[in-house]
Amino acid sequence: MENKKEMRTWLDDLNLSHPLVIAGPCSAETEEQVLKIAHELKDTDVSYFRAGIWKPRTRPGMFEGVGALGLKWLQKVRQETGMKICTEVANAAHVKLALEHDVDLLWIGARSTVSPFIMQEIADALEGTDKPVLIKNPVNPDLALWLGGIERIYKAGVKNIGAIHRGFSTYEKTKYRNNPEWQMAIEFQNKYPDIPLINDPSHITGKRDMIFDVSQTALDLNFDGLMIETHYDPDNAWSDASQQVTPKTLVQIMKDLKIRKETDPEVDYNKQLDNLRAQIDVVDNQIIELLGKRMKAADSIGALKKQKNVAVLQSKRWNEILGKMVIEGESQGLSEEFILKMFKAIHQESINHQEKIING
Ligand code: PEP
Ligand code: MN
């Protein structure tokens with residue numbers, strides 16, 4: 001797939017002076033609910049009103065969406081508020097219905113992007129449409145699978161393309177509902193700078209009080225927009241209750257977010273600097289997380305050594321690690337002196353931990 005400016009025509013044509021905002025409830029519940037939220041979002045920075053009509057739920061028996069009936073409610077939203085409308089499609093029948101109802105933008109959910117069969121079925125049904133199609137990242141952190149899904153849609157003649165970063169499932173529990181793995185989004189932008197990239201802080205965080213921070217990080221990393229789930233009564237929403245915000249909160253979030261200014265040569269420099277610093281902040285956080293993980297493994301080794309009454313310091317193993325890391329470091333342009341200093345500090349910390357465990 002080539003990287004083409006035309007992919008972002010749909011976004012450039014909106015001529016926005018701020019990042020794109022897509023907002024609306026996780027699910028369309030009733031006609032009244034959809035219209036009430038839409039009217040509260042009218043005359044804000046929201047360009048597209050979202051609502052899920054067909055809901056992919058983890059377990060059967062949960063609310064699975066109102067179905068095609070909801071498309072009529074979305075049409076009413078457009079008619080009454082002037083906002084463009086969008087919804088998720090997950091198979092050929094959904095695509096057919098959404099296009100018949102002239103939905104302005106379609107997105108493909110994370111549980112669909114994982115399946116090449118489903119993606120091909122959706123791509124075939126979308127063939128040649130000029131509607132923008134946004135592809136969410138797959139649930140698992142696999143950049144190739146995400147790009148492959150986008151490629152299928154592009155190959156079906158869809159020219160207006162975008163991607164939504166909604167985070168990734170992890171086996172280990174983190175503070176996020178779906179771990180952002182920001183480096184994956186950065187890699188995505190490096191490969192396809194002209195595909196608009198939208199952040200979905202709602203599904204990343206799963207919690208409304210974390211939405212602002214994740215949105216700010218996304219803007220600092222040059223994302224083109226945000227998709228934020230919005231409901232007038234979040235706590236009583238029929239799906240994703242804990243992550244939705246009220247329209248009023250959404251407006252406040254948009255106001256408080258630091259958005260980069262128009263470009264001029266000076267601003268351009270600052271923009272690049274901000275972007276690089278944001279990348280460094282992300283990596284620094286990852287380093288700390290990884291060091292924590294390494295220390296946990298060292299703790300477990302300490303417990304094992306205690307059981308077997310084995311000495312904390314194992315010189316042979318330690319020298320092997322050092323030798324290997326010096327070579328690895330060199331291949332990354334890091335000096336031997338730095339690697340030795342860093343690993344000695346890490347090693348010392350591990351020994352301190354193990355000492356405590358064995359003697360504690
Ligand atoms: C949604 O946007 O409501 C949704 C189901 O998202 P995801 O595919 O990211 O889980
Ligand atoms: Mn949702």
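All ligand and atom numbering here is 1-based and tracks the order in the structure.
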* **Atoms of ligand 1, numbered as shown, that sit under 4.0 Å from any heavy atom of R166** => 7 (P), 9 (O), 10 (O)

* Asked: In ligand 1, which numbered atoms sit nearer than 4.0 Å to a non-hydrogen atom of A110?
  -> 8 (O)

* Structure fact -> To the nearest 0.5 Å, atom CG of L71 lies from atom CG of D102 at 11.0 Å

* Asked: Would you say D200 has any N or O atom under 3.5 Å from an N or O of ligand 1, going by distance alone?
  -> no

* Asked: Would you say M227 contacts ligand 1, with heavy atoms under 4.0 Å as the rule?
  -> no

* To do: Specify which N/O/S atom of D240 comes nearest to the Mn ion (ligand 2), by atom name.
  => OD2

* **Name of the E229 atom (N/O/S only) found closest to the Mn ion (ligand 2)** => OE2

* Between the side chain of Q75 and the main-chain N/O of H101, is any donor-acceptor distance below 3.5 Å? -> yes

* To do: Verify side-chain hydrogen bond (donor to acceptor under 3.5 Å, both in side chains) between Q216 and D220, making sure each step is shown before the conclusion.
  => CA-CA 6 Å; Q216 187 63 66; D220 293 343; 3.0 Å; yes

* Asked: Can you name the nearest heavy-atom pair linking H165 to E181, along with the distance?
  -> NE2-O, 4.5 Å

* Counting each atom of ligand 1 from 1 as listed, which ones have a heavy atom of K55 under 4.0 Å away? -> 1 (C), 3 (O), 5 (C)

* Asked: Are D233 and K36 within salt-bridge range, i.e. N to O under 4.0 Å?
  -> no

